[in-house]
Structures are given as C-alpha cells and as structure tokens.
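To start, the structure itself, in structure tokens.
A note on names: the letters A, B, ... follow the listed sequences, proteins ahead of strands, and every chain is numbered from 1. These numbers come from the heavy atoms of this one structure, side chains and all, not from hydrogens, waters or symmetry mates.
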There are 2 protein chains.
Amino acid sequence: MKPSKVLMSDVAKAAGVARVTVSRVLSDPDSVAPATRAVVQEAVARLGYVPNLNAGTLASSRSRIVGAIVPTLSNAWFADTMDGLSKVLGAAGYQLLLGQTGYDADAEEKLVDAFLGRRVDAMVLTGTTHTAGVRTKLQKAGIPTAECWDLCDDPIDMVVGFSNEAAGEAVAVHLLAQGRRRFGFLGADEDRARKRLQGYRAAIARAGAGEVTTHSAAPPTSIDDGAAGLAQLLTVEPRLQAVFCSNDTLAMGALLECRRRGLAVPGDLSVVGFSDLPVAAACVPPLTTVRIASRELGERVGQLLARRMRREPDEVPRIHDLGFTLAVRESG
Amino acid sequence: MKPSKVLMSDVAKAAGVARVTVSRVLSDPDSVAPATRAVVQEAVARLGYVPNLNAGTLASSRSRIVGAIVPTLSNAWFADTMDGLSKVLGAAGYQLLLGQTGYDADAEEKLVDAFLGRRVDAMVLTGTTHTAGVRTKLQKAGIPTAECWDLCDDPIDMVVGFSNEAAGEAVAVHLLAQGRRRFGFLGADEDRARKRLQGYRAAIARAGAGEVTTHSAAPPTSIDDGAAGLAQLLTVEPRLQAVFCSNDTLAMGALLECRRRGLAVPGDLSVVGFSDLPVAAACVPPLTTVRIASRELGERVGQLLARRMRREPDEVPRIHDLGFTLAVRESG
DNA sequence: CTGAAAGCGCTAACAA
DNA sequence: TTGTTAGCGCTTTCAG
C-alpha cells in the first residue's frame, strides 16, 4: 500500500516490546526506561516507521491541529497573522488547517463544520461577526477559540485584537488637529472597515465638522479601487481635505490618483491608510497610517491557544486588546 | 463529551436504517433510494450530526486533506499562490494543511513527515531543491505531489512553475538592449533567486559585458534590505548602470535608496524587480519587473492535484511551464 | 438498494 | 516500568 505499511505493531515486534511501549516512546519518551527507549527508537528509525496520526486522533480525541479561517490570504495583513500563528503553533507541535471565506459568512460556517469534523483542538476566526451557527457550534464544541482583528464584549471564547472604532477615531482626531474640515472615507465593504468608519465619523461629528463623504469597494480591494474611489469621492466633494482609507492598499491607490491629478499630498489633501504595510514607509509621500502588529497578533493568538490547549490551571483572560498606534508620516 | 456526541449510529437509529446507509447518504447520496435518503438527511439535520472525519480517514485511508509547504506566508507571492490553491481545493472538497519552513530544508522534511503521518492525499512543495529524505518519502508515499515556483527535469512527481534561469536571462537581455553595461544583482539568499542570477549572469557574460556585482540578503527580505543592498552595491561599483533585484520588495528598497541619493531612475540606473506585486505599478517610477501569475500558479496546482486525486484514467503531464512575462514599465 | 461483519491503527485505562 | 484489554467512529467488503 501507501507508505510501506510499517505499523506500530511491527516496530513493537522488532523491538521486542508491546505496542503501548512504542506509543509511549513516541509521545512521552520519559515514561519509558532509557534502555527500552533506545531499542524502540532504533527500531523506529530502522523500519522508517511513520505513525498514523489519524488513528492516534481517533483514539485520543486530540488532533494537534488548529483550524484558522481568514477572509483571504491575498491581504498581506491576514497572511502575516497566519505567518505568526503558524510559526508559534508549529513550534508547539500543532499544525495549521487553513480556510478562506472570501468574506462570506456562510462559507465561514461551512469551514467551521468541516474543521470541527476533523476534531481540531482549537479554532481561530477573523473578526467578531459570525453566523449564529458558528457561535453555537464552537461553543458546544468546547474548544479554545480565538476571534481576531477586532474586539468585542462577548467573544465566543477569546478575542485578540484592537478596537477598530477607536482606531477610526484616532485618525479623525489627528486629521482634525491639522485643521482639516472636509472629510472623506474610502473603505472596503466589510465589517472591520465599517467599524473604523463609525469611529471616524463619530469623532468628526463630535467636532462639528459635518458629513463624511464615503465610498466603498468590494473586498478584496486593490490599488485601482483606491484610485477610482478617490476619483469618485472628489466628484462628490471636490473640496475634500482629508481621506481616511480603510487599508493601505486603498491609500496607495488614492496617492496614485493624487499624483495623476497633480493634487499635493498633504498640501491639498491628507491621505491616511490602515495596517502599516512595509511599503507604507516607502510610498511617495510616505504614508501616514494606523500601525497594527499583524504578525504579533498571530503569534499572540498562537501562544494563548497553546496555553489553553495545555489545559493548565491558569485562567486565560478572554479579551486581549493589543492596541494600535498612529504612524504619522508625510501623507497626512 | 465534546460535540454533543451524536454518532452515526444515533442517526441510523433515528432514521431506522443501518449505519452504512447513513454513511452512503453522506458520501454518495445517489447510491441510496430517494426516500431512504430523505429520511436520513432529515435525521442528520435534526440531530445536528457532525461526522468524525478522522474515523472516516482511518477507515478509508483518504483524508481529503492536501498538505502545502511554503518558505513563509509573509511574502505576498507565496501567500497568493496559497490563496489560489486553497480556493480551488476548497471548491473540490479538500482542506489545506499549511506549513512554513522559514527557508530551512530540514524544517521542510519534518513537515513532510508530519503531513504524511496525517495521510494527506497530496502534497505541494515550494521549489525543486529538497533533502533526499523528502524525495524518498514522498515517492514511496505514492501520493500526487507538486513542486512549484520553479522547473526541473526530474520532479518528484509534478512541477508547476517557470524557469527562473530563463527569467534572469530575459532581464539581462532587456537591460543589454538598453545599452547598459555595468550590472548589479541584489538577491535574497535562496535557491530560486540564485537561479535567476545564474541566467542573468550567463546572458551578460555571453554579451561580453563583464562581471556582475552582487549582493545578497537573508530571506525573508525587506524593503530596507533592498535599500541597504543597493548602497552596498554602489560602494563596490559606483558606476553601476543597472540592477536586477530578485524580488519586488528588494527593488522597492533600491528605488527608495535612489530617491534618497538623487539618482535618476532609469536615467542613471535601471532597476528591475521580480514577481510583479500589485504595488509595482504604483511605484515611483513604476517598476519594471518579471510578472509571475502567483495566484494562477496555485490554482493550476490545485486543479492538477484534484485531477490526480480523482484517479481518473487520464494521464497528467509531469512538467507544467507556466512561463513569465517581462512587465516593462519606467524603472528600467 | 440495504445490511452484517470485520477491521482501519492507534491510545486509555487498568493491571501486573 | 511494562503489558493487557478494549475500544475510538467510521468505511469497507461481501451478502441478501
């Protein structure tokens, strides 16, 4: 058959021990006498034994797999989060089963079903908005679950992120302090972007600076969406003084459009992005943006989940606010 | 226990049929009489039955999981490939188990072991250089395997990519045609970048244009590596006329450094990148680069693997050259 | 089209 | 420390 069909019983026979002993050498070497252990390890190596982890999972109901669901890997920020998560989990002996929703809530629920069917030991979701089914299923599965890239009061289990509203507010406050009065918002049509807009709008309203001209594009958004979006915004409000883009990709498009039109940034228009991609600092002019530590976010999720899966007695807090910082550069 | 403990036998009982019948309804509905099928489906829904896929895998030795290994997800090009792969596989009913090597060949072998232990139905590797163990294990596992992002004559099973040497040559030819004579290369210290350099260097040598000044940085490379690298190159060869960077990130750094030094691009120096990230076109000046269809590459791998896993009689070719194109913009 | 029997390969208890 | 005895929950034959 497939992989040379070496079974644990073959190793046991070769080593002159029982199967359990082989199993122990593999999963908890210290529980076996050094001499026995050596014999078994030699047999494992000599026969090229590859344990069937599915059988192990079935018997122990622990899979050592963590399921993670993101809208798309094409956005560098989610990819970075998965990079950090995968690195930490890998080091802790877990594997990553990854799914993409394409920003579709029903797709998310299907993935949750499939992952739960694999008996994943933990789950990672993006955002805090899910179908009712996702919530229920995950809750009754009773596995550690982390929602990330946002915050909420009542997570399924844990949330790890930052407040998108607060970030939007911070941008507005920054722009208002520069004396800007006519605001625009260029956003991806998705949940977290909408929250950023809420915060932004609220702070602007509070300052009595009037309406925010908005435009949104279907995610995943591109540089071209940003350019076209800004053009649209300027059609509606030619006197625009500042635009907050819900991600750096859109902001780069906006910058591009300004260059094409000969609009001075930040002279005529302030442009602010979100997430602080590495390119943000290399843009012309360097992009002011909200810095989110995407990779660290993933690492943090990995550490928290690993702790929970170890089932140690320590209580792990449910809400983890990692915050954000405004990276003020030249564009706004 | 965990998920409400609804077993297939419970569903069978509720529906008044045998377990096999439930199994059939789930895996091959058409093999069951419509009436029976309906009863079973109703019971499945009513009880909220979630099949344990691990048990299924153990019994059938088909996991419906594909393992994929990339150096890192932090590089947009690999993330895009995984995005495409995951999308296609998901649609075909497969799940993606993802691992990162951090450009470490031994890490790759460990991941292969772990994935094989899960009895993945297929494997995807990045590049064509692997430890001997990886090759042997995958071959004797006998599962469809795709190596990608490069080409070679003797793949483990299939290769899907393009010739990195040929791409390097094409860049050199393009630059030579512009009359450039003093060449530099800025590369990540990894296999595929080295192949690009080989092709580049060969074409330059063939044209009698002398030595290539090179500098390399440890991957994953950053924009800062690109800036520092160019500075280093200019120290060694101040009269540099053209620099080929092994990826767009490095090229963006080089562009940045030129701006800082007041070097005109392409007037004083041509800068060429690799992979054609979306930002390449938005750079100042727009970056000339080698376009690789990263996402399509992943989609293609997914389709090929799906075909092979279906075990249809059609022979699938082993070598798939997807090619590349030179995206000539203003930087070189 | 449906069912009965026989595992898939491993780990969890418990015993020795 | 090591071994024995039972399954984990499903799918595969093969009958009926």
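Whole-Å rounding puts the A:Lys13 NZ to C:dG9 C1' distance at 14 Å. One can place CG of B:Leu116 at 16 Å from C1' of C:dG9, the figure rounded to the nearest angstrom.
Ion pairing of B:Lys87 with B:Asp83 is present here, as a side-chain N (NZ or NE/NH1/NH2) and a carboxylate O approach within less than 4.0 Å. Of the charged side-chain nitrogens involved, none lies within less than 4.0 Å of a carboxylate oxygen, so that B:Asp104 and B:Lys110 do not count as a salt-bridged pair.
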Steps toward side chain to side chain contact (heavy atoms under 4.5 Å, CB included) verdict (B:Val66, B:Val120): CA-CA 5 Å; B:Val66 171; B:Val120 293; 6.0 Å; no
Test side chain to side chain donor-acceptor pair (under 3.5 Å) applied to A:Asn54 and B:Thr57, step by step: CA-CA 7 Å; A:Asn54 291 117; B:Thr57 295; 4.7 Å; no
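Phosphate proximity of D:dT2 to A:Thr36: present, with a side-chain N or O under 4.0 Å from OP1 or OP2.
Rounded to the nearest 0.5 Å, atoms OG1 (B:Thr145) and CG (B:Leu304) are 12.5 Å apart.
Residues satisfying the side chain to side chain donor-acceptor pair (under 3.5 Å) criterion with A:Ser63, sequence neighbours excluded, are A:Asp121.
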Base-pair map of DNA chain C as dot-bracket, where | denotes pairing with a different strand and pairs are Watson-Crick or G-U under 3.5 Å: |||||||||||.||||
Distances under 3.5 Å between protein N/O atoms and the N/O atoms of nucleotides 8-12 of chain D, please, pair by pair.
residue, atom, partner, partner atom, Å
D:dC8, O2, A:Ala59, N, 3.3
D:dG9, OP1, B:Lys5, NZ, 2.7
D:dG9, N2, B:Ala55, O, 3.3
D:dC10, OP1, B:Tyr49, OH, 2.2
D:dC10, OP1, B:Asn52, N, 3.2
D:dC10, OP2, B:Met8, N, 2.8
D:dC10, N4, B:Arg19, NH1, 3.1
D:dC10, N4, B:Arg19, NH2, 3.0
D:dT11, OP2, B:Ser23, OG, 2.5
D:dT11, O4, B:Arg19, NH2, 3.3

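Heavy-atom contacts from other residues, nucleotides or ligands closer than 6.0 Å to CG of A:Asp153 number 12 or fewer.
Checked against A:His130 for a side chain to side chain donor-acceptor pair (under 3.5 Å), the options A:Glu147, A:Glu109, A:Lys137 give a single hit: A:Glu147.
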